[in-house]
Amino acid sequence: MSNRLKISPRPVLLACVAVAAAMLAGCGDTPYLTIIGTAAKGDAVVGGAVSVSCVRGIGDAVSDGQGGFVVIVTNGEGPCLLKLTPIGGVPMYSFTTGTGSQVTANITPMTNLLVSYLSNVPGAAAATPEDWFKLPAVQSLLTVPAAVDQRVVGDFLPLLKSLTTQGGQTLTLNSADFLRTPFTPGPSVSPTDAALLALRNANVVTSTGVPTPAAQSALVTGASDDTPVPPTTTGTGGG
């Protein structure tokens, strides 16, 4: 048996991305927005098409063998809406928060549930994720990570915990880390992926990662009681 040290490809990928982003930043004054994330639904989504539409700029990528993806948006400015289309599957959504030049945004059934939830909150209601993201009030909200976290911890996660409990499962997440913290898919090592498995086993999401009809109904009802998103006149259309 070989004693050679095995190095996970994910840290190497992130290091390469950081170097590439730094090199791009040095090429004149053109700004670049780098989005790093993982696409998973209880296991890695391999070969999924990732498309990104930002307050300014668009981009795309394909998820790798561990579900990882990197999107570099020329002249990019966040926040951004992310769409994942698995091979032969149903699209899932996510978003970035803040306005940094390098951000992490995972795309999972959990982030897809969050987009469904937020797009039914008073003051930010829309028929599709794309229409939701284009609302100036939504883009203003996503600019402030702390404001998003407050809604996630105070309203979204308690609702999901109730739904998973009804389905005989336990959801232990207490923060918005699932949205923007890097992870490697695998329930035995990743709290985020363990949560995704619990959601599936509790029949909150289907095997394709989208909400079940009962869960979607609960999301709409729960969101209707959330604090309205304040109106704003700032922001531009996505893309």
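Atom set for the values below is all heavy atoms of this structure, side chains included, hydrogens, waters and symmetry mates excluded.
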Item to check | Sidechain-backbone polar pair: Asn75 side chain, Arg56 backbone, donor-acceptor under 3.5 Å | outcome: no
Next on the checklist: Going by the rule side-chain contact (heavy atoms from CB on, under 4.5 Å), which residues pair with Thr192 if we only count those two or more places apart in sequence or in a different chain?
Outcome noted: Phe178, Phe183, Ser190
Checklist entry - Asp225: what forms a side-chain hydrogen bond (donor to acceptor under 3.5 Å, both in side chains) with it, not counting sequence neighbours? => result none
Next on the checklist: My understanding is that only residues two or more places apart in sequence, or in another chain, count here; which of them pass side-chain contact (heavy atoms from CB on, under 4.5 Å) with Ala147?
Outcome noted: Leu141, Val144
Item to check | By side-chain hydrogen bond (donor to acceptor under 3.5 Å, both in side chains) - contacts of Asp60 (at least two apart) | outcome: none
Checklist entry - side chain to side chain donor-acceptor pair (under 3.5 Å): which pairs involve residues 211-221, sequence neighbours left out? => result none
Next on the checklist: Under the rule for side-chain contact (heavy atoms from CB on, under 4.5 Å), what residues qualify as partners of Ala125, not counting sequence neighbours?
Outcome noted: none
Checklist outcome for this item: Applying side-chain hydrogen bond (donor to acceptor under 3.5 Å, both in side chains) to Ser175 and not counting sequence neighbours gives Asp177
Checklist entry - Among pairs that include at least one residue of residues 77-96, which meet side chain to side chain donor-acceptor pair (under 3.5 Å), considering only residues two or more places apart or in two chains? => result Tyr93-Glu130
Checklist outcome for this item: Sorted by chain and residue number, the salt bridge (Lys or Arg N to Asp or Glu O under 4.0 Å) partners of Asp226 (sequence neighbours excluded) come out as Arg151
Next on the checklist: Who clusters with Val90? Use side-chain heavy atoms, under 4.5 angstrom, across I, L, V, M, F, W and Y, and order the result by chain and number.
Outcome noted: Val210
Next on the checklist: Holding to side-chain contact (heavy atoms from CB on, under 4.5 Å), I want the full list of residues that pass it with Val71, two or more places apart in sequence or in another chain.
Outcome noted: Ile35, Val50, Val52, Ala61, Phe69, Val73
Checklist outcome for this item: Sorted by chain and number, sequence neighbours left out, salt bridge (Lys or Arg N to Asp or Glu O under 4.0 Å) with Asp149 holds for Arg180
